[in-house]
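A short worksheet on the structure shown next.
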2 protein chains.
Amino acid sequence: MRKKEKITIHDIALEIGVTASTVSRALNNHPRISETTKKMVLDAAKAINYKPNRIAAALRHGKSKLIGIIVPTINRNFFSSIVRGIEEHANALDYKVMISQSYDDYNKEVETIEALLDARVDGIMVSLGKNTHTFEHFEAVLQKGIPLVFFDRTTDELKANQVIINDYLSAYQATTHLIEQGYRHIAHFTSHMKIRIYQERLRGYEQALIDNGINFDPRLVVESNMQLDGGQKSTLQLLDNNLGFDAIFSASDYAIVGALQELKRINVKIPQEVGLVGFSNEPFTAFTEPTLSTVDQKAIDMGQSAAALFFEMINADQRNKPKVKKVLDANLIIRDSSRRL
Amino acid sequence: MRKKEKITIHDIALEIGVTASTVSRALNNHPRISETTKKMVLDAAKAINYKPNRIAAALRHGKSKLIGIIVPTINRNFFSSIVRGIEEHANALDYKVMISQSYDDYNKEVETIEALLDARVDGIMVSLGKNTHTFEHFEAVLQKGIPLVFFDRTTDELKANQVIINDYLSAYQATTHLIEQGYRHIAHFTSHMKIRIYQERLRGYEQALIDNGINFDPRLVVESNMQLDGGQKSTLQLLDNNLGFDAIFSASDYAIVGALQELKRINVKIPQEVGLVGFSNEPFTAFTEPTLSTVDQKAIDMGQSAAALFFEMINADQRNKPKVKKVLDANLIIRDSSRRL
DNA sequence: TATATTAGCGCAATCGATTGCATTTGCTGG
DNA sequence: CCAGCAAATGCAATCGATTGCGCTAATATA
């Protein structure tokens with residue numbers, strides 16, 4: 001079976017005795033082409049196994065049908081699930097997705113934006129890196145009128161669309177849950193206060209305390225990198241400071257596992273003596289002993305929403321449209337680490 | 001600040017009074033262009049903020065600088081780590097990566113291959129879906145001479161390059177480890193025997209038994225979907241059959257967690273009464289109680305190797321080259337679930 | 001000094017699809 | 001029977017970068 005070299009619309013044209021223009025229009029279902037001709041073209045295309053060259057089309061009309069995604073790391077269930085959501089939606093509409101990782105590195109994030117722009121993506125969806133506190137690199141995107149959607153790790157400092165969960169409310173609910181379970185000295189693990197999600201979760205935590213007549217003690221709020229080791233350190237710090245906490249609401253699942261490990265090491269009973277609630281519903285939270293309560297962020301939904309938002313924007317001129325912020329509700333999952341009644 | 005519309009090499013040409021040909025050659029560091037001219041071009045390019053249009057270039061010389069990746073799901077640490085490895089290597093060489101998921105669905109895998117071909121990727125890297133047992137969809141790729149690399153879930157039925165870990169050896173070592181710890185009735189959790197990795201792991205398991213003078217009992221080999229529930233069912237099955245097993249070597253971490261949960265439910269002591277070893281070093285294996293021994297597949301390395309292999313191929317005509325199979329060594333990680341001495 | 005090289009650059013076609021404008025054909029109405 | 005219009009298709013430029021071939025001028029060789 002010989003390999004047929006590059007089959008183009010010209011081959012189809014030749015085949016049925018019309019020009020490439022007609023073939024192109026027929027393939028794109030142009031109204032000015034007769035049904036008869038369309039059918040001939042379609043048949044011939046199939047017959048000689050024609051595959052449109054999207055690169056040529058992209059060059060011509062400036063649409064690559066590519067979407068760029070930037071996440072801190074794909075190697076986390078939350079992000080990979082979002083990507084999954086985006087991809088599902090995008091593929092259905094004949095768009096392909098290009099994924100890049102910033103590794104929470106500001107410079108890498110800047111480079112990646114440039115790379116995506118170079119690749120002429122039709123839009124960009126981003127979850128900001130932890131160390132991103134300035135946003136000029138996105139100005140170029142906005143200025144070119146390229147659809148830009150932020151999800152989860154977003155910022156209000158840019159006029160861009162966002163998809164987030166209700167971090168405030170989720171934190172409020174998680175904290176309230178701990179209070180309902182009888183915990184009174186609830187610590188909070190958080191991270192950089194420059195990041196919106198951590199601000200919001202802290203705010204929710206604080207408000208829940210206040211609304212339940214519990215004193216907010218800033219010494220119970222511990223900042224770390226939100227990784228496993230960060231959670232361990234934060235826990236040790238709490239213990240060292242001897243503040244007599246009886247629960248932890250962590251803005252990250254990784255950190256709460258660190259806490260769990262440290263507490264078990266010194267034989268603290270979970271949830272009897274200390275209650276724990278994390279955030280993100282990473283798969284491992286269901287496998288720990290005891291299983292960890294956490295907040296499910298419905299990552300796939302978030303990805304789909306972000307994609308939906310993107311496609312709402314794709315055909316409009318972005319430069320003067322009001323920006324939308326889509327807020328999804330998250331879901332508190334109560335497991336053994338915080339259930340003591 | 002007015003937005004300058006599309007800046008092309010023609011603008012540079014105009015700027016310094018040469019033609020686009022010269023600019024193009026200068027930018028590509030062509031030897032026949034004088035150093036002086038090159039410098040002028042580079043300077044002018046920077047001055048007017050020129051960005052090459054890779055789509056136009058792609059159209060011209062048929063290279064998109066895109067690599068397509070297909071994994072069953074990105075939403076698994078093992079795969080997302082591989083992708084990370086690939087991306088690191090590819091980005092360094094100015095390639096972008098397009099990720100698609102097959103969801104272990106054969107039809108989706110076929111469609112995805114077509115989509116990547118349509119997108120004119122320069123190469124494809126694949127980890128096969130669980131339900132893929134025929135491979136015609138890859139013939140088209142091979143025939144076009146597009147570099148194709150399989151990783152982890154591979155097949156020998158195609159003349160294509162592969163990157164795998166030494167599944168046989170890893171399984172052998174894992175089983176040997178259990179034997180050294182004094183376990184004698186070791187069960188094995190596996191999956192579809194059509195899949196190479198499971199064949200190999202079973203083979204390693206069996207050989208380790210034989211080499212240690214232990215009888216191989218086929219009733220101790222249980223097949224499942226390798227998910228959490230599969231592991232639970234397999235465990236119950238073993239218990240029901242009353243075979244008196246004292247250890248399980250599972251070809252999947254998810255399944256071994258299932259086993260762990262079932263065994264704990266009936267108060268079996270791990271590792272005193274039953275030893276457990278999984279496969280993949282998913283993050284949660286470090287968080288269970290007890291922590292789970294497992295085999296680390298060095299996913300990032302695998303991704304980098306796959307990318308390296310890809311770039312070795314990229315410039316050569318693929319059709320008549322011998323295919324290589326790169327075998328990486330994995331790493332048995334011994335944790336509490338199998339350490340009883 | 002005349003011819004052969006070579007460096008340096010321009011011309012124009014090309015990649016494949018798209019599209020504004022022009023042209024052809026067929027039909028309608030007066 | 002003919003102007004007039006619409007339907008269907010063709011022509012040719014275009015998107016931006018690349019590249020084979022050719023041209024010019026400068027340098028080398030005889």
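A note on names: the letters A, B, ... follow the listed sequences, proteins ahead of strands, and every chain is numbered from 1. Note: hydrogens, waters and symmetry copies are ignored here, and every other heavy atom, side chains too, is used. Because the structure is predicted, anything quoted here is derived from the model rather than measured.
Counting only residues at least two apart or in different chains, salt bridge (Lys or Arg N to Asp or Glu O under 4.0 Å) contacts with residues 119-139 of chain A are absent. Within the structure, salt bridge (Lys or Arg N to Asp or Glu O under 4.0 Å) pairs that include any residue of residues 62-77 of chain A comprise Arg76(A)-Glu282(A) (at least two apart or interchain). The salt bridge (Lys or Arg N to Asp or Glu O under 4.0 Å) contacts involving residues 35-60 of chain B comprise Glu35(B)-Lys38(B), Lys39(B)-Asp43(B), Arg54(B)-Asp94(B), where partners must be two or more places apart or lie in separate chains.
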Quiz item: Where along nucleotides 4-10 of chain D does protein come under 4.0 Å, by heavy atom, of base (B) or sugar-phosphate alone (S), with - for untouched nucleotides?
Solution: ---BBBB

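Direction change of the helix axis from one end of the helix from dT1(C)-dA30(D) to dG30(C)-dC1(D) to the other is 50°, with five pairs defining each end axis (rounded to 10°).
Residues meeting the salt bridge (Lys or Arg N to Asp or Glu O under 4.0 Å) test with Asp104(B), sequence neighbours left out: Arg153(B). Evaluation of the salt bridge (Lys or Arg N to Asp or Glu O under 4.0 Å) rule for Lys325(B) yields Asp156(B) as partners, not counting sequence neighbours. Every residue two or more places apart in sequence or in another chain that forms a side chain to side chain contact (heavy atoms under 4.5 Å, CB included) with Ala20(B) is listed here: Ile9(B), His10(B). Applying the side-chain hydrogen bond (donor to acceptor under 3.5 Å, both in side chains) rule to Ser80(B) yields the partners Asn75(A); only residues at least two apart in sequence or on another chain are considered. By the salt bridge (Lys or Arg N to Asp or Glu O under 4.0 Å) test, Glu88(A) pairs with Arg84(A), sequence neighbours left out.
Side-chain contact check for Val149(A) versus Met313(A): some heavy-atom pair is nearer than 4.5 Å.
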Please tabulate, for the side chains in residues 110-119 of chain B, all donor-acceptor contacts under 3.5 angstrom to protein atoms that are two or more places apart in sequence or on a different chain.
residue	atom	partner	partner atom	Å
Thr112(B)	OG1	Lys108(B)	O	2.6

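Interface limits on DNA chain C: the 5'-most and 3'-most nucleotides within less than 4.0 Å of chain B heavy atoms are dA7(C) to dG16(C).
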